[in-house]
Amino acid sequence: MKAINYTAPPTCGRFMQSSAFGRLLAGPVGSGKTTCCVFELLRRSCEQAPSHDGIRYTRWAIVRQTLKQLKDTVLKDITGWLEGIASYKVSDNTVYITMGDVRSEWILIPLDSPEDQRRLLSMQLTGVWMSEAIEMHVDLVDALAGRLGRYPSAAMGGATWFGMIADTNMPSEGSEWHKFMNEDTPMDWQIFIQPGGLEKEAENLPWLTQTAETMKLAVDDERRIAQGRSYYERLARGHGTDWVLRYVHAKYGNDPSGTAVFRESFNRPFHVRDDVLPVSATPLIVGQDFGRDPCSVIGQLDHKGRLLVLQEVIAEDTGLEMHINKALRPVLMHERYLGKPVAMVGDPSGISKSSIYEETTFDVLKRMGMHAFPAPTNDIDPRLRAVEAFLLGQRDGGPAFIIDRDRCPVLVRALGGGYRYAKTRNGMRKLLPDKNEYSHVMDALQYLCLAAHGGMAGMFAVRLTRRPRVVRTKMRAGAWT
């Protein structure tokens, strides 16, 4: 048997190190996703605890849309890499792995036949590999989950690890898989996205389109890397913009139902951080959207001029006063923000008096003890430009816009594609973003960015930190007698 040597690229390595029940690996074509999944199944097969007879039993289903696709891609990679320990039995559509005490069955299951689909959903499996997941319906994830961890049986010692892995190219924005990867990711799943093929950190370049001469070079030699990168350069020249976006740059493709507003400027790995901490030197700015579904976004400019988006406070079918008293004020009283001056900026239409009461929205806020100011404008273009200015900016080589992952989940989903331009029936993009479940919180963010980008933050710092002037009462001369 020949020696089998495999070194996982960085993203693939993190994918393999995870023990999550479900894991999805996405990236450009040619980035080594299939090979990574082959070795992940092999590793899990070898790590299975021996049964009472000393044999390590596992059974995996490998699923793709058609049998031809499975044979042309997955099967060739398996037999090529695992020569000597893998044998394919055509009548069973199964690869049998035999190595030492390892006995593993890898069953190829296409989904183009109803019989194969019924067979898949009745199997007793250790786990499953969904090859090119976006070609399948996302509901298959839940359907398969109940078949996993059932082999080896409890009498044989049970499965040491069981679960689901998936590899794929990038889906289109707004698709079910896009939502699965960004908005509706199950708690027991992890998503891993590789860099684009033309990025500096692109993976698997030392093994793409190499010549006999470049294969003699070290794997990190610049000439060998350049030879691999030429693979993506050719693809980028030979295909349309949308195809290149997904299959070369590893970005979400255009959504036929609409276009994400910040698709070109928001970069989740670059802008989203864990546990973004407020600083003590500058006031908090609360961007406030009014209406029956009021939303607040708490932010702050730090000493580097970065906008820290610290927390979202979202309400539904609630009046503004109740939202402030029941939701926003308790958040601001938390020790994370306690003692920091707070300024609120909101829709300038709030300066208009109600048709019933002689009180404006800003009068209500000031009566409640909030330092509230109208935003400079309510026009959508400057509001979007203010957000773009921070998303596209950099400070000391890092982002000028930093958003807290756990405290702003709706905003992260909105920036990642939920907040979008709708399309007309003839396919033309509408001029205004669609009014959907993300528009209220995005309005609040826009008012925050207008204030931070337009210089209002400096005004807040002066007004909120200036000590009140003490006026001494003049004392009459007769008081001394």
Side-chain angles (χ1 to χ4, degrees), residues 276-303 305-315 318-354 357-378 382-383 386-387 390 403-404 407-408 411 440-471:
V276 181
L277 298 175
V279 295
S280 58
T282 58
L284 299 173
I285 306 174
V286 178
Q288 182 65 51
D289 180 59
F290 303 136
R292 192 60 192 172
D293 298 317
C295 292
S296 308
V297 175
I298 304 171
Q300 190 180 40
L301 277 176
D302 70 3
H303 63 286
R306 301 179 301 182
L307 180 61
L308 311 180
V309 184
L310 302 168
Q311 192 160 347
E312 63 188 33
V313 185
I314 297 175
T318 302
L320 180 61
E321 289 192 59
M322 183 174 290
H323 169 69
I324 298 295
N325 287 326
K326 299 293 186 181
L328 179 60
R329 201 185 299 277
V331 170
L332 294 175
M333 292 298 292
H334 190 273
E335 61 180 358
R336 173 180 168 86
Y337 306 116
L338 196 60
K340 294 178 174 60
V342 180
M344 179 178 286
V345 59
D347 187 344
S349 65
I351 62 176
S352 302
K353 291 183 179 181
S354 166
Y357 302 105
E358 292 295 319
E359 192 175 33
T360 71
T361 301
F362 286 97
D363 291 333
V364 173
L365 293 171
K366 291 176 181 178
R367 172 166 53 78
M368 299 177 69
M370 305 298 297
H371 295 279
F373 306 87
T377 180
N378 194 28
R383 284 161 48 189
V387 179
F390 282 108
I403 184 170
D404 192 297
R407 294 182 176 89
C408 303
L411 268 175
H440 292 299
V441 71
M442 285 302 302
D443 286 347
L445 177 67
Q446 290 161 23
Y447 295 133
L448 166 62
C449 290
L450 274 176
H453 188 253
M456 293 181 71
M459 178 192 73
F460 296 155
V462 172
R463 291 194 181 187
L464 299 179
T465 59
R466 183 171 56 194
R467 293 183 179 179
R469 180 181 176 186
V470 178
V471 180

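One distance of note links CE of Met368 with CG of Leu320; it measures 6.5 Å at 0.5 Å rounding. Within the model, atoms NE2 of His323 and CG of Asp293 stand 10.5 Å from one another, a figure rounded to the nearest 0.5 Å. Between atom CD of residue Gln446 and atom CG of residue Asn378 there is a gap of 9.0 Å, rounded to the nearest 0.5 Å. Rounded to the nearest 0.5 angstrom, His334 NE2 and Gln311 CD are separated by 8.5 Å. In this structure, the separation between CG on Leu448 and CG on Asp289 is 12.5 Å, given to the nearest 0.5 Å.
For NZ of Lys366, the number of neighbouring non-hydrogen atoms (other residues, nucleotides, ligands) closer than 6.0 Å is 12 at most. Shown here is Met322, whose CE atom has no more than 12 heavy atoms of other residues, nucleotides or ligands within 6.0 Å.
Put simply, the side chain of Gln288 gets close to the backbone of Cys295: a donor and an acceptor are under 3.5 Å apart. Side chain of Asp404 to backbone of Val276: a donor-acceptor contact under 3.5 angstrom is found. Distance alone, capped at 3.5 Å, places no donor-acceptor pair between the Asp443 side chain and the His440 backbone. Between the side chain of Gln300 and the backbone N or O of Leu310 there is no donor-acceptor pair closer than 3.5 Å.
For the side chain to side chain contact (heavy atoms under 4.5 Å, CB included) criterion with Leu365, the lone passing option out of Glu321, Met370, His371 is Met370.
Arg292 places none of its side-chain heavy atoms less than 4.5 Å from the side chain of Thr318. Put simply, the side chain of Val286 reaches to within 4.5 Å of the side chain of Leu328, judged on heavy atoms. Side-chain contact between Leu332 and Ile298 is present, with heavy atoms from C-beta onward closer than 4.5 Å. The shortest side-chain heavy-atom distance between Leu411 and Met442 falls under the 4.5 Å cut-off.
The minimum heavy-atom distance between Thr282 and Leu301, with the atom names listed, is OG1-O, 2.6 Å. Taking both residues in full, the closest heavy atoms of Phe390 and Ala452 are given as CZ-CB, 3.7 Å, listed atom of the first, atom of the second, then distance. The shortest non-hydrogen separation linking Val309 to Cys408 is O-SG, 3.8 Å. Scanning all heavy atoms of the two residues, the minimum distance from Pro330 to Asn325 falls at CD-O, 3.4 Å. Minimum interatomic distance between Leu308 and Leu277 (heavy atoms only, all atoms of both residues): CD1-O, 3.7 Å. Nearest heavy-atom pair across Gly319 and Pro294 is O-CG, 4.2 Å.
Between Tyr447 and Phe373, a ring centre-to-centre spacing not shorter than 6.0 Å is recorded.
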